[in-house]
Amino acid sequence: MMNPSQWFTEQAPGAESAFSLKFKQKLHEEQSEYQFIEIYETEDFGNLMVIDGCTMVSTRDNFLYHEMMSHPVLFTHPDPKRVWIIGGGDCGTLREILKHPSVEQAVQIDIDERVTRLAEIYFPELCESNNDPRADLKFIDGIKWVKDAEPNSVDIIIVDSTDPAGPAEGLFSKAFYRDCFNCLSEHGMVVQQSESPLYHMKLIGEMRDAMSSAGFEHLQTLFFPQAIYPSGWWSATIASKASLAKFRELDSANKNFDTTYYNVDIHKASLAQPEFFKKALGLK
Ligand code: SAM
């Protein structure tokens, strides 16, 4: 019989399912000013960060999420120079976007400095680009940061946040997308993690509606596997001021940096829309 105390389990509310990882020991836990953060050393997934009971990042599979939150949108924008990450405190998305030579400025705005300080200790590989001269780490509320920003101050906003509850709730609202729209440049794009296509279709539909009513005419949801998140299948939604019909396929095929999951074929495949998804959203 397995000892249940040696398993971390996240239950998916409403889906009557759960995901568990066997762990060797709990390395750390603390209540920060904003959230309850735990770090486990698992048997087979390396270290695991959990915030308010939800899995965030594991050593073993974070590459899927971080690469798919970064490279598709950066290879879709014609010339991404200024990128902001809202959330993303583990610094994995920051590391990926700094692989793009066109990026001149990458600002990570996470409300909770403790997430980054713990990532530096338990996920040092994700933080290896934090001292890049183009990187700027701020510890403030991303909602306020975007609200206060000047027009035309950024090319891409990546919303790498926790689930829509607690401090991240406002990051899924029309008011926030409107503020993003106002501070983005001409071809500006926002990409946001949009949860599981299997479990959270209602949320995806509401997010897309809020993005369009905030002014974004072009939307694209892409799909990728993510073992440690509910259902093991995840999505990201791009909202853009300009057409999303094409991405910079040649640049993607000739990229001069290493990835573990992303490549030009994965990019194309991630854009394929399942039938149930098209039906739920009334897409052709
Ligand atoms: N990959 C993860 C996922 O989908 O579960 C997200 C990881 S990242 C650690 C999420 C970050 O969002 C946390 O560090 C949290 O502090 C941050 N966050 C939540 N609300 C925020 C807000 N309003 N402004 C800035 N950062 C926020």
Side-chain angles (χ1 to χ4, degrees), residues 8 10 12 19 28 30-39 45 47-70 84-97 107-123 126-127 130 136-149 157-173 175-177 179-180 190-197 199-200 203-204 207 222-237 261:
F8 166 80
E10 176 182 352
F19 176 75
H28 183 83
E30 70 178 68
Q31 175 66 51
S32 75
E33 197 182 335
Y34 302 98
Q35 47 212 355
F36 186 61
I37 312 172
E38 298 163 89
I39 312 279
F45 274 67
N47 288 346
L48 171 72
M49 181 187 284
V50 176
I51 294 184
D52 289 340
C54 299
T55 55
M56 290 288 126
V57 176
S58 85
T59 309
R60 182 167 173 188
D61 82 340
N62 78 79
F63 67 92
L64 295 157
Y65 176 89
H66 288 137
E67 292 183 13
M68 293 307 283
M69 287 295 288
S70 308
W84 295 347
I85 302 157
I86 307 295
D90 55 68
C91 305
T93 300
L94 180 67
R95 182 186 69 171
E96 292 307 311
I97 64 174
V107 188
Q108 177 183 290
I109 304 110
D110 197 296
I111 200 166
D112 194 346
E113 181 168 359
R114 290 303 302 151
V115 174
T116 300
R117 297 300 161 230
L118 292 170
E120 286 166 348
I121 300 169
Y122 297 109
F123 300 89
L126 300 184
C127 298
N130 289 8
D136 182 3
L137 277 64
K138 300 195 182 298
F139 300 106
I140 50 171
D141 186 350
I143 299 170
K144 182 166 165 30
W145 170 265
V146 170
K147 195 179 178 56
D148 294 346
I157 300 175
I158 300 178
V159 189
D160 178 2
S161 74
T162 38
D163 299 338
E169 201 170 346
L171 294 171
F172 290 76
S173 71
F176 173 70
Y177 301 134
D179 292 336
C180 290
V190 43
V191 62
Q192 179 163 21
Q193 71 92 0
S194 44
E195 312 269 317
S196 162
Y199 289 178
H200 307 120
L203 176 121
I204 296 176
M207 250 182 86
L222 46 95
F223 306 91
F224 50 95
Q226 189 66 55
I228 70 164
Y229 291 170
S231 87
W233 191 27
W234 218 242
S235 70
T237 297
Y261 182 66

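Along the sequence shown, residues carry numbers from 1. In each ligand, atom 1 is the first atom listed, and ligand 1 is the first ligand listed.
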Subset of ligand 1 atoms that lie under 4.0 Å from at least one heavy atom of Asp112
16 (O)
Considering heavy atoms of the protein only, find what lies nearest to atom 27 (C) of ligand 1 and give residue, atom and distance to 0.1 Å.
Ile111 CG2, 3.7 Å
I need the atoms of ligand 1 closer than 4.0 Å to a non-hydrogen atom of Ala168, numbered in the order shown.
19 (C), 20 (N)
Where is the nearest protein heavy atom to atom 19 (C) of ligand 1: which residue, which atom, and how far?
Thr162 OG1, 3.3 Å
Look at the side chain of Gln193 and the backbone N and O of Glu195, then say whether any donor-acceptor pair between them is shorter than 3.5 Å.
yes
Donor-acceptor contact below 3.5 Å, side chain Glu67 vs main chain Tyr261
yes
Does any non-hydrogen side-chain atom of Phe172 lie less than 4.5 Å from one of Gln192?
yes
A student checking ligand 1 against Pro167 at a 4.0 Å heavy-atom cut-off should list atoms 20 (N), 21 (C), 22 (C), 23 (N)
Atoms of ligand 1 less than 4.0 Å from Ile109 heavy atoms?
25 (C), 26 (N)
Shortest protein heavy-atom distance from atom 11 (C) of ligand 1, along with the residue and atom involved
Asp110 OD2, 3.3 Å
List the closest protein heavy-atom neighbour of atom 9 (C) of ligand 1: residue, atom name, distance to the nearest 0.1 Å.
Asp90 OD2, 3.4 Å
Give the atom numbers and elements of ligand 1 that come within less than 4.0 Å of a heavy atom of Met56.
1 (N), 2 (C), 5 (O), 6 (C), 7 (C)
Are Tyr229 and Ser196 close enough that some pair of their side-chain heavy atoms sits under 4.5 Å apart?
no
Heavy-atom pairs closer than 4.0 Å: do any link ligand 1 to the side chain of Tyr34, the backbone, both, or neither?
neither
Give the numbers and elements of all ligand 1 atoms closer than 4.0 Å to a heavy atom of Gln193.
4 (O)
Taking C-beta and beyond as the side chain, do Met56 and Phe123 meet within less than 4.5 Å on heavy atoms?
no
Measure the distance from atom 3 (C) of ligand 1 to every protein heavy atom, then report the residue, atom name and distance (to 0.1 Å) of the closest one.
Tyr229 OH, 3.1 Å
What residue and heavy atom of the protein are closest to atom 22 (C) of ligand 1, and at what distance?
Asp141 OD1, 3.7 Å
Quick one: does Thr116's side chain get under 4.5 Å of Cys91's, heavy atoms only?
yes
Quick one: are Thr162 and Cys54 in side-chain contact, heavy atoms under 4.5 Å?
no
Is the backbone of Trp145 close enough, under 3.5 Å, to the side chain of Asp148 for a donor and an acceptor to pair up by distance?
no
For atom 24 (N) of ligand 1, which protein heavy atom lies nearest, and how many Å away is it?
Gly142 N, 2.9 Å
Do Asp160 and Tyr65 have side chains that get closer than 4.5 Å, going by heavy atoms?
yes
Report, in ascending order of atom number, the atoms of ligand 1 lying under 4.0 Å from any heavy atom of Ser161.
3 (C), 4 (O), 6 (C), 10 (C), 12 (O)
Mind checking whether Glu10 and Val50 have side chains closer than 4.5 Å, heavy atoms only?
no
Quick one: look at Gln35 and ligand 1, take heavy-atom pairs under 4.0 Å, and tell me if it's side chain, backbone, both or neither.
side chain
Thr55 neighbourhood, listing ligand 1 atoms whose heavy-atom distance to it stays under 4.0 Å:
5 (O)
Sub-4.5 Å side-chain heavy-atom contact between Val115 and Gln35:
yes
